Amino acid sequence: MSEYNHKEIESKWQKKWSEKKVYETGIEGKEKCYVLDMFPYPSGSGLHVGHPKGYIATDIYSRYKRANGYDVLHPMGWDAFGLPAENYAIKTQIHPQETTEKAIVNFKEQIKGLSLSYDWDREINTSSPEYYRWTQWIFLQLYKNGLAYKKNAKVNWCESCKTVLANEQVVNGGCDRCGNVVIQKELPQWFFKITDFSDELIDDLDALDWPESTKISQKNWIGRSSGAEIEFQLAASTRTNVDWTQTNTDKNSVGSIKVFTTRPDTLFGATYVVLAPEHPLLEELKDSIENFVYVEKYTKKAINKTDLERISEGKNKTGIILEGVIVINPANGKEIPVFVADYVLGGYGTGAIMAVPAHDERDNEFAKKYDLEIIEVVDEVGVLKNSGEFDGLSFEEAKIKITEKVGGSIKTTYRLRDWLVSRQRYWGAPIPIIFCDKCGEVSVPEADLPVVLPTDVDFMPTGESPIEKSESFHNIKCPSCGGSARRESDTLDTFVCSSWYYLRFTDPNNFKEFASKPSIKRWMPVDVYVGGAEHTVLHLLYARFITKALQKIGHVDFKEPFLSLRHQGLIIAEDGRKMSKSFGNVVNPDDVIDTYGADSMRLYEMFMGPFNDSISWNTKNILGVRRFVEKVWRISEFITDKSNQEEDRIIHTTVKKVGDDIQDFKFNTAISALMVCAKHLEEQKSVSKENFKMFIQILAPFAPHLSEELWSIYIGEGLIVKSRWPKYDENKIKSENINIAVQINGKVRAVLEVGLSESEEDVVGKALKINSIQKYAEGFNIKKTIYIKGKVLNIVVM
RNA sequence: GCCCGAGUGGCGGAAUAGGUAUACGCGCAACACUUAAAAUGUUGUCCGCUCUGCGGAUGUGGGUUCGAUUCCCACCUCGGGCACCA
């Protein structure tokens, strides 16, 4: 037999499969299976060997499902809007569309080299007007249903570039282009009301087949915590300076500071109150604060701080006392001071806390620095002390009773904030809103969608988004009154584009709807979703939110988009670092395919180790799987029409094992089982045609080219990619006799062959006849014996 | 700092409803084939010792058990994520 020529064989079958459209989405009306990869951002630098790991896994899974009679939807597309292409355009004046298209062509070619079984007729591109038309439509649905709104928000702003910066463009507090200091600037921004769904986003996680760590991360991100809101009245001495009936219309909050706490049980230990620098009460109390000049100086500085500056302060908490302002601890009537400090956040809870330095680390650090009173009110076992009538209560009980006593209310708060979706960028989907002098904010009529990105733009290294200066874009009439109007020039966060693409894949060429109801019903939800763990919170949370929002509005009738989720582990470079151009340690899949073949590349990435572990690439190790490929090639020379019991047993065992392992994403052990089987067949230098057929069928999802070639030579009926998964025979797997370990006091002293049906008595009897066992048992009493059928016999002696 | 995950041969790793630790692959060594090399095949390859045998070993130290890589407690190291959320 000739040597295995991967280049010839692989290109031959890639052509045939493509001609016969073997990967077309199943439409036969069988049970469906939607297998989805997180679609990539087509970056200019192309794929490295780490990218396709997840794609290979979903491909194997899809092939397995097709062979098992499912209609499979397995699509691929491009998350094509984004910052890198725009930055590149600013540098080179090459339009992002051009670079993006080029990158897509390159990515696609690289992906096709691996024979991933995508249905390319369903390819989508988020930067095409046919797609973003529906991204805009979804924005409008949310807008019309009160789930999208505009408000001011702080953004990173570079004074010198006159532009908004993404967090990743802020390096050490400076602009990554010009190095100038980045400030926080208030600008009107669009938000999605994800916080409306906080509870559902937490509670619906329970029913999902997702990694537990991912669920926990999402829960922590949403950060639901229950506690109490408690009011601290201002002391009379403070009150005299302000006419509260004038400044405050809410009777209940006249002259008080409302705080949120998760630990109302520690109220007796609250020795001061802290306001966030943004707290509105500071302005209202202006005349009562004796050192207001200094306070104002502090708050102005604090508000202008970037996140990075706040973080870098670490344990060195800053703050300033409000002189002349005193509040009363409602639990014990004590008068306590009030501070403003930037470790308290304006956007969380009520923007004010009661500080309990004995039981909160941050309060403790602050109290020590400013020499404030520290009172312990809960002991190590959670029982109250120094708390008057509540002494001796458990902290759980005290939470409720103390809140009740001081007239507080039980309250739940969330860490999650609304999703800021507007970007002051060019390369994104325009927000379909029009501003009219007369009518104000008007949504673009659905019939006028898409709002197409203007092309008469310049990419200048400075200034605002190029979209702002486009005449053609902004020169429009108000759809409501017909008067002159101007378009919203912000574009949407790319996470918006990627938060609904799984719906589009069900019906990608629909010009009338984002996807037809029957298509959505047919395919959704996604059965298996695979992608990197870096999307644990943002993308996965946003996609879940959009699904829930669309369900609420009535466009879909399910509440979760992804039933099961798997993360692929990173492929680390051979030098132990991340693969990156700047380290010069990138391995290009094209080179690997050229040298070893696509089948070997696929096998290697799956054989490296557990799918979700991070593992170092090692080119040497590819030899192992390449040798395996050649071994299978050689085994085909031994095909006979005779089989034997042992051969049948190992083939059927392997069929079972490989199927089970694919189902569980345990590809490494599946390949190991295939290797063990191949080794056996080669050693006995014979394999029946029937068994060989089964073997290449279960090998096919991993090494489709090799299997198809062997199939065409030796089996010849149709294509292996269209064949049905072989059925194993449980009777052929079972064997009568089995080796068990015989232990004395838990140490293995002998191996014994026994029948599976033999009784414990018989097995013990046989074991005691073995020389090496007698040696250990002699002179001792047998205390007891433990026999685990087919595995181990332990004889306990004294 | 908090949260999550992981520590098994020279290396990637296998085995967890507790039951023969080191499957499979890489590497290494010897042998066969060869003028030679490559390729391929065969055999060996956790460590130690007083070596037909015995003892030890799954990050460290304890515990539960007839039996622990697997369960429990404490600690150490590495990787990932998040940043003061009251």
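Chain identifiers are assigned alphabetically (A, B, ...) following the order of the sequence lines, protein sequences preceding nucleic acid strands; residue numbering begins at 1 within each chain. Quick caveat: nothing in here was measured; it's all calculated off a predicted structure.
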Return yes when atom NZ of K215(A) has more than 12 non-hydrogen atoms of other residues, nucleotides or ligands closer than 6.0 Å, and no otherwise.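 Enclosed: over 12 neighbouring heavy atoms sit under 6.0 Å from NZ of K215(A).
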Is the number of heavy atoms from other residues, nucleotides or ligands under 6.0 Å of D206(A) CG greater than 12?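 Counting neighbours around CG of D206(A), more than 12 heavy atoms of other residues, nucleotides or ligands fall under 6.0 Å, so yes.
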For atom [atom1], what is the distance between [N] and [M], given to the nearest Å?
{"N": "G10(B)", "M": "U45(B)", "atom1": "C1'", "value": "11 Å"}
{"N": "G12(B)", "M": "C28(B)", "atom1": "C1'", "value": "16 Å"}
{"N": "G44(B)", "M": "C24(B)", "atom1": "P", "value": "12 Å"}
{"N": "A14(B)", "M": "G9(B)", "atom1": "P", "value": "13 Å"}
{"N": "G5(B)", "M": "G56(B)", "atom1": "C1'", "value": "30 Å"}
{"N": "A29(B)", "M": "G80(B)", "atom1": "P", "value": "35 Å"}
{"N": "U58(B)", "M": "A6(B)", "atom1": "C1'", "value": "13 Å"}
{"N": "U22(B)", "M": "C46(B)", "atom1": "P", "value": "10 Å"}

Indicate syn or anti for G25(B), taking the glycosidic torsion and treating anything within 90° of 0 as syn.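 Judged by the O4'-C1' to base torsion, G25(B) sits in anti, the angle falling more than 90° away from 0.
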Syn-anti status, with the boundary at 90° from 0, for the nucleotide C51(B):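 It is syn.
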Side chains of T271(A) and E373(A): any donor to acceptor distance under 3.5 Å?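 Side chains of E373(A) and T271(A): no pair found under 3.5 Å.
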What integer distance in Å separates [X]:[atom1] from [N]:[atom2]?
{"X": "Q568(A)", "N": "G80(B)", "atom1": "CD", "atom2": "P", "result": "16 Å"}
{"X": "E229(A)", "N": "A86(B)", "atom1": "CD", "atom2": "C1'", "result": "12 Å"}
{"X": "I788(A)", "N": "G18(B)", "atom1": "CD1", "atom2": "C1'", "result": "9 Å"}
{"X": "I222(A)", "N": "A83(B)", "atom1": "CD1", "atom2": "P", "result": "15 Å"}
{"X": "N745(A)", "N": "G19(B)", "atom1": "CG", "atom2": "P", "result": "19 Å"}
{"X": "E212(A)", "N": "C3(B)", "atom1": "CD", "atom2": "C1'", "result": "14 Å"}
{"X": "L623(A)", "N": "A38(B)", "atom1": "CG", "atom2": "P", "result": "14 Å"}
{"X": "L570(A)", "N": "A6(B)", "atom1": "CG", "atom2": "P", "result": "16 Å"}

Salt bridge flag under 4.0 Å for residues E630(A) and R626(A):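 Answer for the salt bridge query: yes.
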One thing to verify: whether D664(A) and R566(A) come together as a salt bridge, which I'm taking to mean a side-chain N less than 4.0 angstrom from a carboxylate O.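 D664(A) and R566(A): not salt-bridged.
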Want to settle it: does I216(A) or Y414(A) sit nearer the 5' end of RNA chain B, counting the closest nucleotide to each?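 Closest to the 5' end, via its nearest nucleotide, is I216(A).
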Between K631(A) and W221(A), name the one whose nearest nucleotide on RNA chain B is closer to the 5' end.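 Nearest-nucleotide comparison on RNA chain B picks K631(A).
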The criterion is side chain to side chain contact (heavy atoms under 4.5 Å, CB included); which residues satisfy it with [X], sequence neighbours excluded?
{"X": "R263(A)", "answer": "T261(A), D265(A), T266(A), V378(A), K399(A)"}
{"X": "D762(A)", "answer": "E758(A), S759(A)"}
{"X": "V748(A)", "answer": "A741(A), Q743(A)"}

[X] side-chain proximity, nearest of [options]:
{"X": "N794(A)", "options": "C82(B), G67(B), C4(B)", "answer": "G67(B)"}
{"X": "R362(A)", "options": "C3(B), C84(B), C82(B)", "answer": "C84(B)"}
{"X": "K620(A)", "options": "C84(B), G27(B), A86(B)", "answer": "G27(B)"}

Is a side-chain N or O of [X] found less than 3.5 angstrom from the main chain of [Y], in a donor-acceptor match?
{"X": "K369(A)", "Y": "K317(A)", "value": "yes"}
{"X": "Y370(A)", "Y": "G319(A)", "value": "yes"}
{"X": "Y542(A)", "Y": "I194(A)", "value": "no"}
{"X": "S217(A)", "Y": "S213(A)", "value": "yes"}
{"X": "N781(A)", "Y": "K783(A)", "value": "no"}

By the 4.0 Å heavy-atom rule, please label [X] as base, sugar-phosphate, or nothing.
{"X": "R224(A)", "answer": "nothing"}
{"X": "S225(A)", "answer": "sugar-phosphate"}
{"X": "E534(A)", "answer": "nothing"}
{"X": "S217(A)", "answer": "nothing"}
{"X": "V796(A)", "answer": "sugar-phosphate"}
{"X": "S213(A)", "answer": "sugar-phosphate"}

Between [X] and [N], is there a contact of a side-chain N or O with OP1 or OP2 at under 4.0 Å?
{"X": "R627(A)", "N": "A39(B)", "value": "no"}
{"X": "Y343(A)", "N": "A86(B)", "value": "no"}
{"X": "K679(A)", "N": "G25(B)", "value": "yes"}
{"X": "R634(A)", "N": "G41(B)", "value": "yes"}

May I ask you to check whether Y272(A) and F366(A) place their ring centres under 6.0 Å from each other?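 When the ring centroids of F366(A) and Y272(A) are compared, they turn out to be within the sub-6.0 Å range.
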For Y776(A), is the NZ or CZ atom of R749(A) found under 6.0 angstrom from the centre of its six-membered ring and inside 45 degrees of the ring axis?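 Yes, R749(A) and Y776(A) form such a contact.
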B/S/- contact track for nucleotides 47-53 of chain B, protein heavy atom under 4.0 Å: -------
How does protein contact run along nucleotides 11-16 of chain B, one letter per nucleotide 5' to 3', with B for base contact, S for sugar-phosphate only, - for none, heavy atoms under 4.0 Å? -BSSS-
Its dot-bracket string being built from Watson-Crick and G-U pairs below 3.5 Å, with | for another strand and [ ] for crossing, RNA chain B has the pattern (((((((..(((......[....)))((((((.......))))))((((...))))..(((((..]....))))))))))))....
